[in-house]
Amino acid sequence: MSNLMRAALLREFGPASNLTIERIPVPLPAAGQLLIKVRAAGINPVDYKTRNGKGIAAKELVLPAVLGWDIAGEVVSLGDGVSRFDRNERVFGMSNFPHAGNAYAEYAIVQEDEFALIPASVSNEVAAATPLAALTAWEALFDHGQLAGGQKVLIHAAAGGVGHIAVQLAKWKGAYVVGTASQQNHGLLNELGVDLPLDYNTQDFTVIAKDMDVVLDGIGGENSLRSIDVLNPGGVLVCLPSMYKDDPVILEKAASKGVMVKWMMVTPSGERMEQLADLLAVGDLKVKVDQTFPLEDVGKAHEAVETGHVTGKVVLVI
Ligand SMILES: NC(=O)c1ccc[n+]([C@@H]2O[C@H](COP(=O)([O-])OP(=O)(O)OC[C@H]3O[C@@H](n4cnc5c(N)ncnc54)[C@H](OP(=O)(O)O)[C@@H]3O)[C@@H](O)[C@H]2O)c1
C-alpha cells in the first residue's frame, strides 16, 4: 500500500468546482480506530451545505478538508484496543458527525464504536447510502417522535434520502403513513408502502392529512408551520433542516396547539447501525441508490443532490 491516497479536497468554501482530487498521506489509526479502505461514500444535503460554508459542520471544519460522513468499505488495520472488528471485514457507518468525516478518499480513519458489519447480501453502494439518512429517520421517528404501532405519521419529502427510509421504518413499526412527493415519485411511494401519497404541487396536506401523531419534516420553514395544523394535541413535529431551529413563530404556534416541536441533529452510533444492518439483511429496509459517481466526479454528485430532487440516495464509488 502506497502511503499516499487520492482524496477530494475542499480548500475553500464555495461551489462544487472547489472540490479537487489530490494525493494526501494515508492516515494511521489511533486507539479505538479502524483504517478503512473506502469502497463507497454516501452524499447527503449536509455535504453541499458544508461545502458552501453553511451549518454547524462548516463552523467546525478546518480547511483544507475532506468532506463526507457516510462510509462503506473494508477494515485494513486496527488501532490498539479494537475488539469488534477484524481486518478485511466489510463495515459501514456515519463517521465522526458533525466533525470532519473524511469519507471522500481511498482510505479513512473511523471510530469502531460508530460502525457495524455490512450484511453479506448488501452491496457497498447500498451500505454507503444508508448511515446518515437511516440514523436520522430512526432517531426522528422513534427517539424524538416516540412513534408506536397504530399511530399516524406524516412524512414530508418521502421519496428523498431520509424520507424513503423513514417510510419503511414507520411501516415496519406498524404505523399509518402519509407521505408527500411530486406525482412522478408516487410509484416509489406506493412501492415503499405509503398508505396515503400526497402530491405537494397539487394537494394541500393540511386539508387532507388529519389527526397525525408525528410529522417528520425535511423541508422546514413555512412547511413546518403548516404541519402543526395536522397534529393531534400532544403530537410531535420533528424538524430536520437546522436553519429554522428555534424559530419563534413555529414555537409559538406549536405551544398554542399543544404540539411539541423538536429540531434534531443526528448522532453516530455503531449499536444503531447494527439494528439497521439487521433490517437490511432481512429485507425490511431497502435503501434506494438513485445515482452513483466515481470519486473524480464528486462535484457532479454534489450538484445532483443540490437539486433537492433526488429519489433515494447519491453515492460515490471509490
Ligand atoms: N438535522 C439533521 O440531523 C438532519 C439529518 C439528515 C437530513 N437533514 C436535512 O433534512 C433535509 C432532507 O434531507 P434528505 O437527505 O432527505 O434530502 P434529499 O434526499 O435531498 O430530499 C430530496 C427529496 O425532497 C423532495 N422534495 C423537495 N421539495 C419538496 C416539498 N416541497 N415537499 C415534499 N417533498 C419535497 C423531493 O421529492 P420530489 O423530487 O418529488 O420533489 C426529493 O425526493 C435536508 O435539508 C437535510 O440537510 C437534517
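Numbering of ligands and ligand atoms starts at 1, following listing order.
Taking the charged nitrogens against the carboxylate oxygens, Asp284 and Lys171 have no contact shorter than 4.0 Å, which rules out a salt bridge.
Here the protein heavy atom with the shortest distance to atom 16 (O) of ligand 1 is Val162 N, 2.9 Å. Among protein heavy atoms, the minimum distance from atom 42 (C) of ligand 1 is reached at Val310 O, 3.2 Å. Nearest non-hydrogen protein atom to atom 6 (C) of ligand 1 is Thr136 OG1, 3.4 Å. Nearest non-hydrogen protein atom to atom 34 (N) of ligand 1 is Ala157 CA, 3.2 Å. Protein heavy atom nearest atom 19 (O) of ligand 1, with residue, atom name and distance: Gly161 N, 2.7 Å. Here the heavy atom of the protein found nearest to atom 9 (C) of ligand 1 is Leu240 CB, 3.8 Å.
Using a 4.0 Å cut-off to heavy atoms of Met265, the atoms of ligand 1 that qualify are 3 (O). Each of the atoms 33 (C) of ligand 1 lies under 4.0 Å from some heavy atom of Thr180. Every atom of ligand 1 is numbered from 1 in the order shown, and the set under 4.0 Å from a heavy atom of Met264 is 1 (N), 2 (C), 3 (O). For ligand 1, the atoms closer than 4.0 angstrom to any heavy atom of Val266 are 3 (O). Annotation for ligand 1: atoms under 4.0 Å from non-hydrogen atoms of Lys49 are 44 (C), 45 (O), 46 (C), 47 (O). Set against the non-hydrogen atoms of Gly308, the atoms of ligand 1 under 4.0 Å away are 22 (C), 23 (C), 24 (O), 25 (C), 27 (C), 36 (C), 42 (C).
In this model, no donor atom of one side chain and acceptor atom of the other lie less than 3.5 Å apart for Asn201 and Ser182. Side chains of Asn18 and Arg51: no donor on one and acceptor on the other come within 3.5 Å.
In terms of polar-atom proximity, defined here as any N/O pair under 3.5 Å, Cys239 makes no such contact with ligand 1. Taking only nitrogen or oxygen atoms, main chain and side chain alike, Ile219 does not reach within less than 3.5 Å of ligand 1. For Pro241, no nitrogen or oxygen atom sits less than 3.5 Å from a nitrogen or oxygen atom of ligand 1, counting backbone and side chain alike. In terms of polar-atom proximity, defined here as any N/O pair under 3.5 Å, Ser182 does make such a contact with ligand 1. Checking only distances, Thr311 never comes within under 3.5 Å of ligand 1, N or O to N or O.
Of the listed residues (Tyr200, Phe205, Tyr244, Trp263), the one carrying the non-hydrogen atom nearest atom 35 (C) of ligand 1 is Tyr200. Considering each of Pro98, Gly220, Gly160, the one bringing a non-hydrogen atom nearest atom 23 (C) of ligand 1 is Gly160. Scanning Ala158, Ala140, Gly218, Pro45 for the heavy atom closest to atom 13 (O) of ligand 1 points to Pro45.
Between the side chain of Asn124 and the backbone N or O of Ala40, no donor-acceptor pair lies under 3.5 Å. Looking at Arg84, its side chain does come within 3.5 Å of a backbone N or O of Glu112 through a donor-acceptor pair. Looking only at distances, no side-chain donor or acceptor of Thr307 sits under 3.5 Å from a matching main-chain atom of Glu303.
Nearest approach of Trp69 to His99, heavy atoms of both residues: NE1-O, 2.6 Å. Pairing each heavy atom of Asn44 with each of Ala133, the nearest pair is OD1-N, 4.2 Å. In terms of heavy atoms, Met94 sits closest to Thr267 at CE-C, 3.4 Å. The minimum heavy-atom distance between Phe13 and Ala58, with the atom names listed, is CZ-O, 3.8 Å.
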Kindly indicate, with the supporting measurements, whether the criterion salt bridge (Lys or Arg N to Asp or Glu O under 4.0 Å) is fulfilled by Arg6 and Glu106. CA-CA 6 Å; Arg6 285 180 310 135; Glu106 289 179 303; 3.4 Å; yes
Tell me, with the steps shown, if Ser269 and Glu271 meet side chain to side chain donor-acceptor pair (under 3.5 Å). CA-CA 5 Å; Ser269 163; Glu271 209 174 301; 5.6 Å; no
Run the numbers on Asn223 and Tyr200 for side chain to side chain donor-acceptor pair (under 3.5 Å), then give the verdict. CA-CA 10 Å; Asn223 206 65; Tyr200 66 85; over 6 Å; no
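Note on Trp172: it clusters hydrophobically with Met273, by side-chain heavy-atom contacts below 4.5 Å among ILVMFWY residues.
Contacts between Asn44 and ligand 1, counted as non-hydrogen atom pairs separated by less than 4.0 Å, are absent for every part of the residue. Under 4.0 Å from ligand 1, heavy atoms of His309 appear from its side chain as well as its backbone. Only the side chain of Asn185 comes within 4.0 Å of ligand 1, judged by heavy-atom distances.
The closest approach between Asn223 and ligand 1 stays at or above 4.0 Å for every heavy atom of the residue.
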